[in-house]
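Read the structure below first, then the notes.
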Amino acid sequence: MPHHRGYRAKTRHLFAQPFGKRGTLATQTYTRTFHIGQLVDIAGVGSVHKGMPHKTYHGRTGRIFNVTPHALGVEVNKIVGNRMLKKRINIRTEHVKASKCRDDFLNRVKKNEESKKQAKETGVRVPLKRTPVGPRPGHFVKAAQVENLAALPYAGFGH
């Protein structure tokens, strides 16, 4: 058979839902609110054909630039040749979810502001930079009792 290059070619497993998550989507999928400038993760849902992104955008994170009643305009980076282009695509809300990529950063900023405030009150300098986890301390492993095993002589067939 000839090679197929359709719009959804080679997406058999890409758009498939995992076991136990198949069927109709949950109602809260349609009630989520999105705002312009919000970061979203794109993941095509195979059971909803309308407004599905192309497979190249599956798993990407983009920024919302437009909100309509049923869809979102998302700006995504795409590598084309040797350059990175900002592509603007329209996707229905079933195929996106709010990204958690900045949560750790925002929590760290909040924690740093609190520690700066405490440092100002106490007058003690506090390091705000992240420090890598060092090597674990060395220790000796104590074995219980060492038991030597030897093969028993074969005692089958009248021996």
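Below, each value reflects all heavy atoms present in this structure, side chains not excepted, and no hydrogens, waters or symmetry copies. Numbering of residues begins at 1 and proceeds along the displayed sequence.
We find the CG-CZ distance between Asn107 and Arg102 to be 11.0 Å, quoted to the nearest 0.5 Å. Taking CG from Leu14 and NZ from Lys10, the interatomic distance works out to 12.5 Å, rounded to the nearest 0.5 Å. With rounding to the nearest 0.5 Å, the separation of OH in Tyr57 from NE2 in His95 is 15.0 Å. Here the OG1-NE2 distance, from Thr56 to His58, works out to 11.0 Å after rounding to the nearest 0.5 Å. Atoms OG and CD, on Ser99 and Gln38 in that order, are 9.0 Å from each other to the nearest 0.5 Å. Annotation: the span from Thr29 atom OG1 to Arg92 atom CZ amounts to 12.0 Å, rounded to 0.5 Å.
At least one donor-acceptor pair under 3.5 Å links the side chain of Thr68 to the backbone N or O of Ala71.
Linking ILVMFWY side-chain heavy atoms closer than 4.5 Å, directly or via other members, places Val74 and Ile36 in a single hydrophobic cluster. Taking hydrophobic clusters as Ile, Leu, Val, Met, Phe, Trp and Tyr residues chained together by side-chain heavy-atom distances below 4.5 Å, Phe65 does not share a cluster with Val96. Criterion: ILVMFWY side-chain heavy atoms under 4.5 Å apart, direct or through other members. Under it, Phe34 and Ile42 are part of a common hydrophobic cluster. Hydrophobic clustering (ILVMFWY, side-chain heavy atoms < 4.5 Å, transitive): Val67 and Ile91 are in one cluster. Hydrophobic clustering of Ile, Leu, Val, Met, Phe, Trp and Tyr side chains at less than 4.5 Å, counting indirect connections, keeps Leu72 apart from Leu25.
In this structure, the side chains of Arg32 and Lys97 come closer than 4.5 Å at one or more pairs of heavy atoms. Taking the side chain as every heavy atom from C-beta outward, Val76 and Lys86 never approach each other to under 4.5 Å.
Atom NZ of Lys55 is surrounded by more than 12 heavy atoms from other residues, nucleotides or ligands within 6.0 Å. Within a 6.0 Å sphere centred on CD1 of Ile79, other residues, nucleotides and ligands contribute 12 heavy atoms or fewer.
Not counting sequence neighbours, the partners of Arg88 by the side-chain hydrogen bond (donor to acceptor under 3.5 Å, both in side chains) test are Glu75. Arg60 is linked by a salt bridge (Lys or Arg N to Asp or Glu O under 4.0 Å) to nothing, counting only residues two or more places apart in sequence or in another chain.
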- Message: Between Gln145 and Glu147, is the side chain to side chain contact (heavy atoms under 4.5 Å, CB included) condition met? List the steps.
- Response: CA-CA 6 Å; Gln145 176 117 13; Glu147 185 180 343; 5.7 Å; no

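A ring-centre distance under 6.0 Å is not found for His70 and Tyr30.
For residues 115-140, the set of pairs meeting the side chain to side chain donor-acceptor pair (under 3.5 Å) definition, not counting sequence neighbours, comprises Glu113-Lys116.
Taking both residues in full, the closest heavy atoms of Gly23 and Ser47 are given as O-OG, 4.1 Å, listed atom of the first, atom of the second, then distance.
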